[in-house]
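Each chain gets a letter, A, B and so on, in the order its sequence line appears, and its residues count up from 1. Note that this is a predicted model, so its numbers are computed, not measured.
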Amino acid sequence: MTDTAEQRTEDVPPYRYTARRANEIEQKWQDRWDEERTFWTPNPRGPLSEGFERVADRTKLYVLDMFPYPSGAGLHVGHPLGYIGTDVYSRFKRMTGHNVLHPMGYDAFGLPAEQYAIQTGQHPRVTVEQNIATMRRQLRRLGLDHDPRRSFATTDVQYYRWTQWIFLQMFNAWYDEERETSRPIDELVAEFESGARSTPDNRPWDELDAVERRQVVDSYRLAYLDEVAVNWCPALGTVLANEEVTAEGRSERGNYPVYKRPLKQWMLRITKYADRLLDDLDLLDWPESIKIMQRNWIGRSEGADIVFPVENHEGLGIRVFTTRPDTVFGATYMVLAPELEIVDEIVTNEWPSGTPTRLRGPFGTDVSPVEAVEAYREYAATKTDLERQAEGREKTGVFTGAFAINPVNDKRIPIFVADYVLAGYGTGAIMAVPGQDQRDWDFAEEFGLEIIRTVQPPPDFEGEAYLGDGPAINSGFLDGLDVADAKRKITEWLEETNNGAGAVTYKLRDWLFSRQRYWGEPFPIVYDETGLPVALPESMLPVELPEMGDFEPRIVGDEEETLPEPPLARAEEWATIEADLGEGRKTYRRETNTMPQWAGSCWYYLRYLDPTNESRIVDAEVERYWMEGDTPSGGVDLYVGGAEHAVLHLLYARFWHKVLYDLCHVSTPESFARLFNQGTITAHEYVDERGFYVPADEVEERDGRYYFEGKEVTRQQGRMGKSRKNAVTPDDIYEGYGADTLRLYEMFMGPLDASRPWNTADIVGVHRFLQRFWRNAIDEETGALRVSEAPADEETRRILHRTIDAVRNDMERLQFNTAIARLFELNNRLTAVVGETGTAPLEVVSAMTLMLAPLAPHLAEEVWSRLGHPESLAYEPFPESDPAYLVEEEVEIVVQVDGKVRARVKIPAGAGEADHEAVARADERIAQLLEGAEVLKVIVVPGRLVNFVTR
RNA sequence: GUCGGAGUGGCGGAAUAGGCAGACGCGCUAGCUUGAGGGGCUAGUGCCCGCAAGGGCGUGGGGGUUCAAGUCCCCCCUCCGACACCA
């Protein structure tokens, strides 16, 4: 048998649009775009401003992708979906008169890069550079319209120098809650010095010594050190932010166990911005689901703080937060989080007389309260969140032996420690109201505690906590009030009697910002002999990462109490510096933690604007030009990326932006005006009976069953990936069809924001479309144009203008799949015209080439140039529809009898209702159906339908 | 459990404002292209009954509003995603 592939290439007409030709064309135009600097986007001033006068009258448009992580695995066809989407959009907007900025960079610090480097035994800088080079090549091959001058990696020294600079801004700033803005720290110091602001413990500023003053000031900074219970992940050798830990108490990356450990760490005061981060969501054109996730993450709750005095402890009160102050009369006990320090003060040495056995905890009847509490604390600390998790979790806890006094009724109530109360939320202490809270109810049942309902449940309600509305009962002066009124009244009472006050609490916590890893931005911070942090001056930036041969994380401490050791601590020469930082030349020790991966991605969109600026993060005028717009929030005009960043990156970046805004480094309150989440591309994956993945491209289908090497396998739908053996690489598609076909297919598969299954077999459809369009314009045998100057016939022209209208609308809304469908229809018409006349009307070919340009830019450029245009079409105006061709002279309407379609009739456009009915009745079939029937009602929707109702 | 999102032919998916369900593509069927084919062209293709004309049924299930429901309302099921003792 002969080689069929070879035979085929011999048979193919010489000028057909084949994969080989597509590849040639694509290479050629990618080179030309580079040479002609087609996608260099001019700034209004500065080093990138060349050519600005040519676009000065255009509207700016900033289109941004969530930049990729340069992994070593290479791309599969699922990765570039969003990049193609933004490319199509930015090319379209360039053709509709915008000055479009569409940059691309690389997010290259962080764990994956470091782990990859450790695996391959190379320095992360080496592997990162290799991976970026590979990725650049792969993205270039797609023909994306990025401005190459604006690309950088977050690991570039000249980039992270400014990441460090932003950290310094936060270190040197504090949040003024009265003015609701961050201000320079010097202004705080001035307030202390002048006495305008009193110190936290009300001592006069003059009486504080230098160290005390520094401690006070440090406690106000946006970036501050704190000893906190961190999420320590020994397997990753680092601590993690709350956001990086799953509900099961495991690391988001790698799924390793995570433990709580107290450690001194850098924190960023994001909680001060909670309300603004919440409120300003209203300014944003974001998917509602993402806004909801951010709102939930911030988790604002309104309620009240109530102080419960502790019996036998003069002046000691326990402050609790509750969203239901109206239920305070039903508080029958209190619970403290085991970690709270106040527990030590109140816990008793002996059980009060009459303490039931079950209140003494699970540690035996002979232990004292102190011992029981201590044992319980240990038990709670060693438990991972996973163990605490399971649904229907049993409530555990220990009585402290102490009692509190309920301020509303002077009732004596026992105080417990229990791990169902979290130290990090509210005040870490609760008043327990089993009647209206199911968790308290469960605990009360477990320990046999009193339950008092304070809201009247419906008559048939029993057996559990009642959370609904109803009149207050057993509640003294609140009795009879509904929940909202009772809340109001009790809050007033608390404030008047000084027993508490209205309060707001957030789920959001301050951002843990230290990592014990090598591959991250070093902090621009040193420590002096006091152990307090000292900021390096801007002139000492960047603080470069030291070269280290061994950058693996180490774990110190014994097995039970392991702790992370930052690799930078081992770079001894680097870690110690001598400098004059205002107190004469001294020896300082550097901060050896590094910043988390999110740091670099918090502000990269600003650096694209002015990537080479050495004196500022971004030139002020350039920043205003690109970020201020006609959106309510300002910021990037379109930001496209995966929904997995709903609360991490997108919240952190908004926070940094607001800090920079407060400190007058940027001009808009928000960073991303419009957000769009592209879907994921899924693929079939096949598992054998042992549960192992088998190569998807070697599976055969017979009668709806699937076989690999003769054995039946199961098919599932899942993410595409190497490990699942179902990855399709772009190179596979380039080889068979070319990049334009790949682009078009990815845009045609479905709506950009929906997840959709990859199906290589479907690609031929879009490939055939490109082939047909090419053939309509160019003779496959001779390569000559088949275009005629003669005008298109009326109907073709009508279709053309309707297509233009629809495509423009769809492109604007990122509905590329339907735009492409319209182009298919137009091309089908064009094919018919060419079939009849032998030539294609130029007006159709030209317009269609331009409409295709954003989607299949290489082919479009090639046809455009063959049509005789020497310049790239990147800046050609997008076709505009002629309204004259959009109105029909005659429209087809539907005639229904009792809602069922019985006929279709033609009627002049704009006809009146009476005409509609008359024409409908005139139809033979309709007349027949209506004969003898009583028409009760006639519904006419002009231009659409007539409905005769007979019953 | 809570909060989101989604269920439409054999498959991917269309369907401004409640008004022709299934655009467009894949696949499939038939014909043409003097053979073969990951080729080209033409026609057909939601399901059922019927030679046809035509009729019936159809957007996860059940109810409702309406002349008219994929679209609006109520209840339920399934799948995907996020959060998860938040007082």
Base orientation of G9(B), chi within 90° of 0 counted as syn, else anti, reads syn
Angle between ring planes, Y379(A) versus Y376(A), binned at 30° and 60°: parallel, tilted or perpendicular? tilted
Roughly how many Å apart are A6(B) and A87(B), using the C1' atom of each and rounding to a whole number? 34 Å
Would the distance check show the side chain of N776(A) and the main-chain N or O of R772(A) forming a donor-acceptor pair, the cut-off being under 3.5 Å? yes
Which nucleotide in the set A87(B), A15(B), G13(B) lies at the smallest distance from any side-chain heavy atom of T818(A)? A15(B)
May I ask you to decide if the ring planes of F824(A) and F748(A) are parallel, tilted or perpendicular, using 30° and 60° as cut-offs? tilted
Pairwise P distance, C11(B) and G18(B) [rounded to whole Å]: 29 Å
Nearest-Å distance, CH2 (W297(A)) to P (C3(B))? 18 Å
Counting heavy atoms from C-beta on, name the nucleotide in C57(B), G55(B), G4(B) closest to the side chain of K900(A). C57(B)
Sticking with atom P, work out how far C47(B) lies from G22(B), rounded to a whole angstrom. 13 Å
Rounded distance (Å) that lies between atom C1' of A69(B) and atom CD of Q896(A): 12 Å
When you compare the side chains of Y420(A) and D440(A), does any donor N or O come within less than 3.5 Å of an acceptor on the partner? yes
Touch check for I292(A), heavy atoms < 4.0 angstrom, all strands: base, sugar-phosphate only, or nothing? sugar-phosphate
Between P on G13(B) and CG on L752(A), what's the gap in Å once rounded to a whole number? 13 Å
Please determine whether a side-chain nitrogen or oxygen atom of N817(A) lies at a distance below 4.0 Å from atom OP1 or OP2 of A14(B). yes
Figure out the CG/C1' separation between L336(A) and A87(B), and round it to whole Å. 13 Å
Protein-nucleotide distance (I681(A), atom CD1; G13(B), atom P), rounded to Å: 11 Å
So what does E644(A) touch, heavy atoms closer than 4.0 Å: a base, only the sugar-phosphate, or nothing? nothing
Once base and sugar-phosphate atoms are separated, protein heavy atoms under 4.0 Å mark nucleotides 24-31 of chain B, 5' to 3', with B, S and - as BSSS----
Side-chain N or O of R902(A) less than 4.0 angstrom from OP1 or OP2 on G55(B)? yes
Check every strand shown and say whether F443(A) touches a base, only sugar-phosphate, or nothing at a heavy-atom separation below 4.0 Å. nothing
If the P atom of C76(B) is compared with that of C57(B), how far apart are they to the nearest Å? 29 Å
What distance, rounded to whole Å, do you find between the two P atoms, one in A21(B) and one in U71(B)? 14 Å
Between Y425(A) and F321(A), what is the ring plane arrangement, given parallel below 30°, perpendicular above 60°, and tilted in between? perpendicular
Taking the six-membered ring for Trp, are Y17(A) and W774(A) parallel (under 30°), tilted (30 to 60°) or perpendicular (over 60°)? tilted
Could you tell me how far apart N809(A) (CG) and A15(B) (C1') are, to the nearest whole angstrom? 15 Å
Between S755(A) and T680(A), does the side-chain hydrogen bond (donor to acceptor under 3.5 Å, both in side chains) criterion hold? Intermediate values first, please. CA-CA 5 Å; S755(A) 293; T680(A) 45; 2.9 Å; yes
Sequence neighbours excluded, the answer for salt bridge (Lys or Arg N to Asp or Glu O under 4.0 Å) partners of R921(A) is E917(A)
